[in-house]
Amino acid sequence: QVQLVESGGGLVQAGGSLRLSCARSDRTVATYAVAWFRQASGKEREFVSGIYWGNGVRYYAESVKGRFTVSRDAAKTTLFLQMNDLGPEDTAIYYCALKETWGSISDPAGYAYWGQGTQVTVSS
């Protein structure tokens, strides 16, 4: 079992920045990928960005490319999401998730572990 704890959400004006963090409690769980998803009110959960844990390759949704940067610390215990040039369309609950097995990094159904989420609200 592994616990994921997100932090860093909040209220920001359009054009502003936030940095989210996701701390994992256990490094022994096999990890294929760790990713950020978000869910806006009334919408389905969608992929934002993720890292294939073995080789460090990063992927981004088209809607956040050039604005968001995903990274991890050297100890591989924390995942970060630097979000710049935020807009009202980025308002959502942001979730960190961990995937143990091979498969699409962007499919939420493949993730066994999820954090509790952190709210990001962008005012216009």
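The model shown is predicted, which means the values in this text are computed figures rather than measured ones.
Tyr52 is listed as a side-chain neighbour of Tyr59, based on a closest heavy-atom distance under 4.5 Å. Between Phe47 and Pro108 there is no side-chain heavy-atom pair separated by less than 4.5 Å. You'll find the side chain of Arg24 reaches within 4.5 Å of the side chain of Leu98, heavy atoms only. Counting only heavy atoms from C-beta outward, the side chains of Val12 and Thr121 never approach each other to under 4.5 Å. Between Tyr113 and Val29, the closest side-chain pair of non-hydrogen atoms falls below 4.5 Å. With a 4.5 Å cut-off on side-chain heavy atoms, Gln119 and Thr91 count as touching. Side-chain contact check for Ser49 versus Phe68: every heavy-atom pair is 4.5 Å or farther apart. Two residues are said to be in side-chain contact when any heavy atoms from C-beta on lie closer than 4.5 Å; Leu18 and Leu86 meet this criterion.
Both the sub-6.0 Å distance and the 45° axial angle are not jointly satisfied by Arg72 relative to the ring of Phe80. Remark: Lys65 is not positioned above the aromatic ring of Tyr60, lacking an NZ or CZ atom under 6.0 angstrom from the ring centre and at most 45 degrees off the axis.
Formation of a donor-acceptor pair under 3.5 Å by the Thr31 side chain with backbone atoms of Ala33 is not found in this model. At distances below 3.5 Å, not a single donor-acceptor pair connects side-chain atoms of Gln82 with backbone N or O atoms of Arg19. A side-chain donor-acceptor contact under 3.5 Å links Asp73 to the backbone of Thr78.
Of the charged side-chain nitrogens involved, at least one lies within less than 4.0 Å of a carboxylate oxygen, so that Asp90 and Arg38 count as a salt-bridged pair.
Asp107 CG to Arg45 CZ: the interatomic distance, rounded to the nearest 0.5 Å, is 12.0 Å. Atom CD in Gln3 sits 12.5 Å away from atom SG in Cys96 (nearest 0.5 Å). Distance CG/Asp85 to CZ/Arg67: 6.0 Å, rounded to 0.5 Å. Annotation: the span from Glu46 atom CD to Ser63 atom OG amounts to 5.5 Å, rounded to 0.5 Å.
The nearest pair of heavy atoms linking Ala112 to Glu100 is CB-OE1, 3.9 Å. The two residues Gly9 and Thr118 have their closest heavy-atom pair at N-OG1, 3.2 Å. Across every non-hydrogen atom of Ala14 and Ser124, the tightest pair is CB-CA, 4.3 Å.
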task: Could you walk me through whether Arg27 and Thr77 pass side-chain contact (heavy atoms from CB on, under 4.5 Å), step by step?
output: CA-CA 7 Å; Arg27 289 191 296 171; Thr77 60; 3.1 Å; yes

task: Could you give me the CA-CA distance, side-chain angles and deciding distance for Leu79 and Val70, then say whether side-chain contact (heavy atoms from CB on, under 4.5 Å) is met?
output: CA-CA 7 Å; Leu79 185 74; Val70 66; 3.8 Å; yes

- request: Take Val120 and Met83 through the test side-chain contact (heavy atoms from CB on, under 4.5 Å) and record every step on the way to the result.
  value: CA-CA 10 Å; Val120 171; Met83 306 186 295; 3.9 Å; yes

task: Determine, step by step, whether Tyr94 and Glu6 satisfy the side-chain contact (heavy atoms from CB on, under 4.5 Å) criterion, reporting the C-alpha distance in whole Å, the side-chain angles of both residues, the deciding distance to 0.1 Å, and the verdict.
output: CA-CA 8 Å; Tyr94 283 70; Glu6 304 99 333; over 6 Å; no

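Cluster membership check: Tyr111 does not share its hydrophobic cluster with Val2, using side-chain heavy-atom separations under 4.5 Å among Ile, Leu, Val, Met, Phe, Trp and Tyr. In the hydrophobic clustering of this structure, Leu4 groups with Trp53; members are Ile, Leu, Val, Met, Phe, Trp, Tyr whose side-chain heavy atoms approach within less than 4.5 Å, directly or through other members. No chain of hydrophobic side-chain contacts below 4.5 Å, direct or via other Ile, Leu, Val, Met, Phe, Trp or Tyr residues, connects Trp36 to Ile105. Val48 and Val34 fall within the same hydrophobic cluster, defined by Ile, Leu, Val, Met, Phe, Trp and Tyr side-chain heavy atoms under 4.5 Å apart, directly or through other members. Under a hydrophobic clustering in which Ile, Leu, Val, Met, Phe, Trp and Tyr are joined whenever their side-chain heavy atoms come within less than 4.5 Å, directly or via other members, Ile51 and Trp102 fall into different clusters.
The number of heavy atoms from other shown groups lying within 6.0 Å of CD (Gln116) is above 12.
Aromatic ring pairs are classed by plane angle as parallel below 30°, tilted from 30° to 60° and perpendicular above 60°; the pair Trp114 and Phe37 is tilted.
Side-chain atoms of Thr69 and Arg58 include no donor-acceptor pair closer than 3.5 Å.
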